[in-house]
Amino acid sequence: MKHFDHLFPLLQAAFLSSLLTGCMTIFTPSSETILINRPTAEPVTIITASDTLVAEGQPIELSLKKKHLNKPIQIASEEYEYQTLIPGRRTDWWGFFADLYFSEGLGLIVDYSSSAIYHPREKSYYLMAARKDTLRSELPVADHRAPSPFKPTTYSAKRHYRHELRLGLSIGNALHNGCYDRMSQRVADRLHLNGYEGELDCGLGAVANFAASLSYYYHLDDHWAVGMIAGTGTRPNGDAGYTELDPDWKQSWRNDWHSDTPPEVYVGSMESTSWFFLPSAKYYWAFTPGTRLYSKAALGLMSQHNWFGPYDLPNDAYFGPKNAARPALSEISRLSERRWHVAGQLSPIGVEVGRSWLRFFAELGYGMEGIFIAGWSCYF
């Protein structure tokens, strides 16, 4: 019995170890066989990342380690020049999902690290050859690697444009809330209001703000562009109300209307607009045919205009006969102020769609342009 006491812990250890091991590393070989076809059958020397061997005949059967599938293979002979071959690799998706299911994704780390999850891009390759005494230029590399989305060479456009003019519309642009709140308090103080409430944006807050912008960018290369953003934003009309009157107004209400509970009254609207001017830079970091992903940052100045427009309410409609303690709203002049502030925009994720001179773009970010920006770019 003592011999079986340790069996269960060993089985547990084996099971737990299997969870940390990739399925492809366990069940598949570390090498793959490919066929190389060529227009000659002469003996050649084949140089791989791990071996040098001599082969002849047609086709050549070659065993390669999976971790070397993206490494170049050179073929040398005395009379002919051959293309350099890079076989390339592709993911085994059955093994990928097996790792997700059996090891909850932990096996993917092992399989990708060991390259066990890869297969050759093709089973058979054809290489061109030319006699050395007739060769005028190097033969192109037979590169079968999967294109990287992070290299601009995979982005196929009809031409490379230097200049970009874009028009964008957005929601959620960020005004200077401190400046806006101070203006709101000035309104409350001027009208002798207690319990001031600004019921703005239909309860949506800054999300209901919207802006429009016009931008110019100069593209330094496939990755970087610098330029300037100019635009305007606004905060929608909102009713400015109060739920409490100051003591003098309350007493007037009691005397004139014989009630202790005045209604909620809306006395005017608070509004805000802005103009912004932001030097900006964009970095394109992913490329696919017809689509590019980028990030954008901008920092500059904004001019914000806040004002209060009183409603021309009949004084007796809510407060009874006019007295010295209660100035009529129609007699209050318009309150207004303009301020300059530092402003910016940060858009971590942006997408641009199109290959010609007219393209669509959309961004997610925060700042003067907004939370969500979309529009059209014109390249020339």
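Every heavy atom of this structure was used, including side-chain atoms; hydrogens, water molecules and symmetry mates were not.
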CD1-CD distance between Ile47 and Gln74, expressed to the nearest 0.5 angstrom: 5.5 Å
Give a yes or no answer on whether the side chain of Tyr294 reaches the backbone of Glu352 with a donor-acceptor pair at less than 3.5 Å. no
Is the number of heavy atoms from other residues, nucleotides or ligands within 6.0 Å of CZ (Phe277) greater than 12? yes
Quick one: does any side-chain atom of Arg136 pair with a main-chain N or O of Thr134 as donor and acceptor, under 3.5 Å? yes
Under 3.5 Å, is there a donor-acceptor pair between the side chain of Asn306 and the main chain of Glu337? no
Are Leu165 and Phe380 close enough, and set up right, to give a side-chain contact (heavy atoms from CB on, under 4.5 Å), and what steps lead you there? CA-CA 8 Å; Leu165 193 64; Phe380 57 97; 4.2 Å; yes
Short side-chain donor-acceptor distance under 3.5 Å, Ser170 and Glu369: no
Within the 3.5 Å criterion, strictly below it, is a donor on Tyr216 or His163 matched to an acceptor on the partner's side chain? yes
Start with the C-alpha gap between Ser77 and Tyr82, add the side-chain angles, then the distance that decides, and say whether side-chain hydrogen bond (donor to acceptor under 3.5 Å, both in side chains) holds. CA-CA 8 Å; Ser77 77; Tyr82 293 87; 4.6 Å; no
To the nearest 0.5 Å, how far apart are OG1 in Thr91 and CD1 in Ile117? 6.0 Å
What is the distance from atom CG of Leu175 to atom CD of Gln304, rounded to the nearest 0.5 Å? 5.0 Å
Look only at the side chain of Arg162 and the backbone of His219, and say whether a donor-acceptor pair between them is shorter than 3.5 Å. yes
What I'd like to find out is whether the side chain of Pro289 reaches to under 4.5 Å of the side chain of Arg355, using heavy atoms alone. yes
Could you go step by step and tell me if Asp111 and Asp92 meet the side-chain contact (heavy atoms from CB on, under 4.5 Å) rule? CA-CA 10 Å; Asp111 283 345; Asp92 186 321; over 6 Å; no
Residues, nucleotides or ligands: over 12 heavy atoms within 6.0 Å of Trp94 CH2: no
Would you tabulate the side-chain donor-acceptor contacts of residues 49-59 under 3.5 Å, counting partners in other chains and residues two or more places apart, or write 'none'?
{"unit_1": "Gln58", "atom_1": "OE1", "unit_2": "Arg38", "atom_2": "N", "d": "3.3"}
{"unit_1": "Gln58", "atom_1": "NE2", "unit_2": "Arg38", "atom_2": "O", "d": "2.5"}

Give a yes or no on whether a salt bridge exists between Glu78 and Lys132, defined as a side-chain N under 4.0 angstrom from a carboxylate O. no
Could you see if Tyr80 belongs to whatever hydrophobic cluster contains Leu127? Use Ile, Leu, Val, Met, Phe, Trp, Tyr and a side-chain cutoff under 4.5 Å. yes
Same cluster or not: are Ile36 and Ile86 linked, directly or through other Ile, Leu, Val, Met, Phe, Trp or Tyr residues, by side-chain heavy atoms under 4.5 angstrom apart? no
Do any N or O atoms from the side chain of Ser295 and from the backbone of Pro348 form a donor-acceptor pair under 3.5 angstrom? yes
Rounded to the nearest 0.5 angstrom, the CD-SG distance for Glu164 and Cys378 is 9.0 Å
Examine Leu169 and Phe361 and state if one hydrophobic cluster contains both, with Ile, Leu, Val, Met, Phe, Trp and Tyr joined whenever side-chain heavy atoms are less than 4.5 Å apart. no
Got a donor-acceptor contact below 3.5 angstrom from the Ser213 side chain to the Ala230 backbone? no
Can you check side-chain contact (heavy atoms from CB on, under 4.5 Å) on Ile75 and Leu85, steps first, answer last? CA-CA 8 Å; Ile75 298 179; Leu85 171 65; over 6 Å; no
Treat each ILVMFWY residue as a node, draw an edge where side-chain heavy atoms are under 4.5 Å apart, and state whether Tyr284 and Trp357 are in one component. yes
Taking every heavy atom of Gly300 against every heavy atom of Leu278, the minimum-distance pair comes out as N-CD2, 3.5 Å
Please give me the minimum heavy-atom distance between Ser280 and Lys296, naming the atom from each residue. OG-CG, 3.5 Å
pair Ile229-Tyr217: side-chain heavy atoms closer than 4.5 Å: yes
Quick one: pull up CZ in Arg338 and OG in Ser274 and give me the separation to the nearest 0.5 Å. 11.5 Å
Would Phe360 and Trp376 count as a close aromatic pair, with their ring centres under 6.0 Å? yes
Looking only at heavy atoms, the pair that brings Ala116 and Lys66 closest together is O-NZ, 3.1 Å
Go through the steps to decide whether Arg182 and Arg339 satisfy the test side-chain contact (heavy atoms from CB on, under 4.5 Å), and finish with yes or no. CA-CA 12 Å; Arg182 288 191 293 272; Arg339 294 287 186 272; over 6 Å; no
Which atom names give the shortest non-hydrogen contact between Arg121 and Ala146, and what distance separates them? NH1-CB, 3.6 Å
In terms of side-chain geometry, is the basic nitrogen of Glu32 or Arg89 positioned less than 4.0 Å from the acidic oxygen of its partner? no
Using the six-membered ring wherever Trp is involved, compare the ring planes of Phe150 and Trp285 and label them parallel, tilted or perpendicular (cut-offs 30° and 60°). parallel
Taking the side chain as everything from C-beta on, heavy atoms only, tell me whether Phe276 gets closer than 4.5 Å to Gln345. no
Among all residues two or more places apart in sequence or in another chain, which pass the ring-ring contact (aromatic ring centres under 6.0 Å, His included) test with Trp224? Tyr283
I'd like to check Pro72 versus Val141 (side-chain heavy atoms, cut-off strictly below 4.5 Å). Are they in contact? no
Could you tell me which non-hydrogen atom of Met228 sits nearest to which non-hydrogen atom of Pro279, and how far apart they are? SD-N, 3.6 Å
Will you find, in the side chains of Thr273 and Glu271, an N or O donor that is under 3.5 Å from an N or O acceptor? no
To the nearest 0.5 Å, what is the distance between CG (Asn173) and CZ (Phe372)? 14.5 Å
Specify whether Tyr161 and Tyr379 have parallel, tilted or perpendicular ring planes, treating 30° as the upper limit for parallel and 60° as the lower limit for perpendicular. tilted
Between Gln83 and Met128, is there a donor-acceptor pair closer than 3.5 Å when you use the side chain of the first and the backbone of the second? yes
If you compare all heavy atoms of Leu69 against all heavy atoms of Pro120, which two are closest, and at what distance to 0.1 Å? CD1-N, 3.7 Å
Quick check: His223 with Phe287 (ring centres under 6.0 Å apart)? yes
Is there a path of hydrophobic side-chain contacts, each under 4.5 Å between heavy atoms, that joins Met368 and Trp275? no
